[in-house]
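Positions are given from 1, in the same order as the sequence printed here.
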Amino acid sequence: MLVVVVLVPTVTLVPLLGSGVLQLFTVWQKEKTEAGQAHDIGASATGLFVSLERERRLTEEAQANPGSVVKEELAKQRAATDRAVSAFRPLETWNTAVWDTGNTRHGLAKAVARTGHSLDSLTQQRRGADIGSSSKDSAFLYYSGILESIVGVFDELTHDGKPDVIAMRHTLVDLLASVDMIGREDALLTHGWRTGYLTSDEYGRVVDSISTGQYLLRERVGPSLPDEEAGLYRSMTASQPWQTRANLERQLIGARTSADTNQVTLPRAGAEWRSSVDALTSQLLHILRLQSDNASSAATKSADRILAVLISISAVGVLAVGLILVTSWRLTSILRRRIRELREVAQDLQERLPDAIARLGRGEGIEVDAEVRLIEPTPDELGELAQALNLAMRSAVSAAARQADQHRGFERLLQRVARRTQILIGLQMRKLDQLERKHEDPAVLEGLFDLDHLTARLRRYEESLVILAGGQPQRRWRKPVRLLEVLRAAQGEVPDYRRISLEVQDETWVAAGAVGSLIHILAELMENATAFSKPPTPVDVRVAAVSRGVTVEIEDRGLGMELEQYAAANALIESPPQLDVLTHADDARLGLYVVARLSAAQGIRVELRPSAFGGTRVIVLLPKPLVVDRPATQPEPETVAQEVSEGPTASHRSPSPPAVVASPTAGSKETDDTPPLSGNQHQPLPQRVRQASLVTELKAPASAAEQTNRQPPPVHEQSNRSSATIGVLQRESRRARSAADALQHHAHEVSERNIPMMEDQG
């Protein structure tokens with residue numbers, strides 16, 4: 001964009017400069033052409049004018065005195081005139097392109113053509129004068145006409161050019177006209193000085209020539225001559241020949257015309273006239289040549305000045321364009337560098353801010369000044385922009401830190417509330433356990449078991465809330481647990497657990513550290529499968545060993561999802577985001593967030609795929625580090641297998657939940673050859689064993705009544721005990737916790753009682 005800013009003025013300036021230079025070049029070319037034409041025309045026309053003026057006088061003199069001397073002099077002058085005519089003739093052959101430099105040049109071309117046309121009759125006129133076939137008036141008028149046309153050529157040169165050149169050319173025209181007037185006067189008086197008189201017509205022409213010549217020299221030529229020519233002119237007018245001629249002209253003007261003969265008598269002063277006129281004519285022609293040269297030089301100098309201006313403007317223009325380009329490019333480079341620095345700082349902030357926010361989300365503290373790369377401000381507009389960017393960056397990082405503090409505070413508050421709720425749930429479970437031990441009525445027990453089931457689900461929901469708030473599950477195991485028991489524990493936390501069927505191919509044990517997280521993950525996925533598939537379609541759970549560990553496949557027969565939704569869900573599980581519980585309160589995928597958090601923490605891989613039934617198939621891969629060998633001695637209080645009563649063996653497909661409990665004691669083991677039981681078989685009610693959840697060191701001696709109560713009761717008729725059975729599973733599982741876990745709950749209970757009421761209100 002900045003390059004465009006540089007190019008636009010340059011591209012605009014270059015045509016303007018080029019147009020101006022082109023116009024100036026055109027003017028210079030025109031001036032140069034006109035100056036050259038004027039010089040050529042002036043030199044040729046001036047030589048022709050001088051030659052014709054002398055030939056006119058000698059022709060008049062030869063007619064008056066046809067002597068041999070005059071004829072020889074006339075012949076020499078005719079030869080000089082012929083050379084001048086030959087020099088003038090090329091002007092007639094100039095083509096239209098040479099003359100067509102302006103409208104005024106058309107008049108010049110016509111004047112040159114008119115002069116050339118008059119010269120065509122020169123030879124014929126000379127022959128007539130030699131043989132006497134033409135009168136002296138005819139010769140006088142012919143030569144005067146040619147000279148007048150030559151003056152007209154010079155007059156056309158005054159129509160264009162610079163003012164000073166035009167003024168000099170006007171003076172040159174006046175000089176030519178004054179010389180022509182003196183020549184006319186001299187030619188007319190040539191006969192008069194010999195005969196002593198003039199006819200009235202000749203006298204009138206002489207008087208007109210005298211008056212016109214005096215006016216031109218006195219009023220037009222004298223005041224307008226430059227210094228050098230003016231000095232020569234003043235010397236001429238002060239000379240004796242000038243005075244002699246002036247006196248003779250005054251005598252001619254005062255002469256009287258005879259009424260009888262219509263003639264004017266002239267004084268006897270022919271010799272004085274000749275000497276004075278020849279001297280004055282020579283001086284005037286010298287001044288004429290100087291003025292012509294000066295006019296040509298002025299025109300040439302004018303063209304040279306235009307050329308100098310053209311060169312100067314071109315050079316200055318080129319330098320200006322170059323300076324503009326260099327300066328603009330330099331400024332543009334500086335601006336681009338500074339803008340690039342601003343962009344780099346902004347990009348650096350764009351990269352650092354998410355990292356800072358992520359660290360804030362992980363609970364790490366940050367230093368605002370260390371996270372912000374401040375820009376050194378400068379005293380210009382970009383400096384103001386840099387300062388504003390500094391403020392914006394500091395504000396952004398500070399706002400992110402404040403928001404992270406607020407979120408962490410809210411998460412801590414949420415965790416505190418959830419922990420308190422968990423304590424209350426634990427107390428409720430203990431209360432239910434006490435009630436279950438007091439009552440033996442099947443109807444009462446069934447209701448208590450349903451409440452126990454609901455409480456277990458509520459415990460998982462509260463645990464999910466703790467996980468979403470950044471906490472960790474509280475349920476811990478210190479010894480490995482069979483995968484089948486983990487699956488049953490997860491099944492027991494699902495509302496519609498009756499639709500879930502478990503199929504385990506071999507006996508797999510799960511590391512103690514992953515039991516709690518795996519139960520939660522499987523419970524979330526099983527509940528999701530039952531929620532998004534229509535009852536009474538089953539949800540199949542299958543376990544199989546693979547090269548990288550063990551897989552648990554959960555497959556439902558619902559409507560499934562689109563491929564884009566599967567990709568989004570898998571991406572969420574693969575890279576769990578930092579969840580803002582405030583903005584995702586209504587998100588239906590909160591369960592996936594919990595699964596993503598727990599699976600990422602344990603290294604468990606979870607992937608959703610389309611099912612062949614049209615629903616969704618979830619594959620949970622337990623890596624090899626989480627799959628352990630069976631312990632040498634089966635653990636008693638720490639396994640899910642001892643928390644729940646045993647059902648069908650792992651080698652058969654088990655109905656979910658188990659219909660009955662095979663052993664009433666806490667220390668019994670599941671045998672591999674126990675056959676699956678159908679729902680129609682009558683089995684004894686589950687019996688409670690006091691202190692079964694405690695380790696041996698914490699058990700108190702049992703009374704005789706308790707020993708009696710440990711005996712299996714008689715078989716009762718039960719039509720449907722699924723709900724009660726799952727309650728037994730959950731209750732016994734809960735009671736199988738370690739003594740340390742029980743003591744931890746007790747400590748939470750004590751701390752809960754000591755929390756001030758004001759904090760509860762907050």
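Annotation for Q291 and P226: closest pair OE1-CD, 3.4 Å, computed over non-hydrogen atoms. Between R56 and G183 the shortest heavy-atom distance is NH2-C, 3.1 Å. Contact between T237 and R234 at its shortest, heavy atoms only, is OG1-O, 3.0 Å.
Other residues, nucleotides and ligands contribute at most 12 non-hydrogen atoms within 6.0 Å of the CZ atom of R54. Within 6.0 Å of CD in Q124 there are 12 or fewer heavy atoms belonging to other residues, nucleotides or ligands. Heavy atoms from other residues, nucleotides or ligands lying under 6.0 Å from CG of D120 number more than 12. Environment of CZ in R330: sparse, with no more than 12 heavy atoms of neighbouring residues, nucleotides or ligands closer than 6.0 Å. For CZ of R268, the number of neighbouring non-hydrogen atoms (other residues, nucleotides, ligands) closer than 6.0 Å is 12 at most. For R220, the CZ atom is loosely surrounded, since the number of other residues' heavy atoms within 6.0 Å does not exceed 12.
The ring-ring contact (aromatic ring centres under 6.0 Å, His included) check on Y215 picks up nothing, with sequence neighbours excluded. Residues passing the ring-ring contact (aromatic ring centres under 6.0 Å, His included) test with W242, sequence neighbours excluded: none. Scored by the salt bridge (Lys or Arg N to Asp or Glu O under 4.0 Å) test, R114 finds no partners at all (sequence neighbours excluded).
Residues S276 and E272 have side chains that never bring a donor and an acceptor to within less than 3.5 angstrom of each other.
For the pair D164 and K301, the salt-bridge criterion is not met [side-chain N within less than 4.0 Å of a carboxylate O]. No salt bridge links R57 with E60; every basic N to acidic carboxylate O contact stays at or beyond 4.0 Å.
The side-chain heavy atoms of V153 and L91, taken from C-beta on, include no pair separated by under 4.5 Å. Within the 4.5 Å cutoff, no side-chain heavy atoms of V309 are placed close to those of W28. Counting only heavy atoms from C-beta outward, the side chains of L176 and I150 never approach each other to under 4.5 Å. Using a 4.5 Å heavy-atom threshold, the side chains of D186 and R274 count as touching. Between I146 and Q125, the closest side-chain pair of non-hydrogen atoms is not below 4.5 Å. At least one side-chain heavy atom of L119 sits less than 4.5 Å from a side-chain heavy atom of L52.
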- Task: Please report the C-alpha distance between I182 and V277 in whole Å, then the side-chain angles of each, then the deciding distance to 0.1 Å, and finally whether the side-chain contact (heavy atoms from CB on, under 4.5 Å) criterion is met.
- Result: CA-CA 8 Å; I182 294 174; V277 169; 4.3 Å; yes

- Working for salt bridge (Lys or Arg N to Asp or Glu O under 4.0 Å), residues R245 and E249: CA-CA 6 Å; R245 173 181 167 275; E249 285 179 347; 2.7 Å; yes

- Step-by-step side-chain contact (heavy atoms from CB on, under 4.5 Å) determination, V221 to L225: CA-CA 6 Å; V221 176; L225 286 174; 3.8 Å; yes

- Does the pair E55 and S51 meet the rule for a side-chain hydrogen bond (donor to acceptor under 3.5 Å, both in side chains), with working shown? CA-CA 6 Å; E55 184 175 342; S51 297; over 6 Å; no

- Message: The test is side-chain contact (heavy atoms from CB on, under 4.5 Å); show your working for L252 and L189 and say whether it passes.
- Response: CA-CA 10 Å; L252 290 173; L189 289 174; 3.6 Å; yes

- Message: Using side-chain contact (heavy atoms from CB on, under 4.5 Å), reason through T300 and H39 one step at a time and then give a plain yes or no.
- Response: CA-CA 9 Å; T300 303; H39 179 269; 5.8 Å; no

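Among E148, E53, E202, the single residue meeting the salt bridge (Lys or Arg N to Asp or Glu O under 4.0 Å) criterion with R184 is E148.
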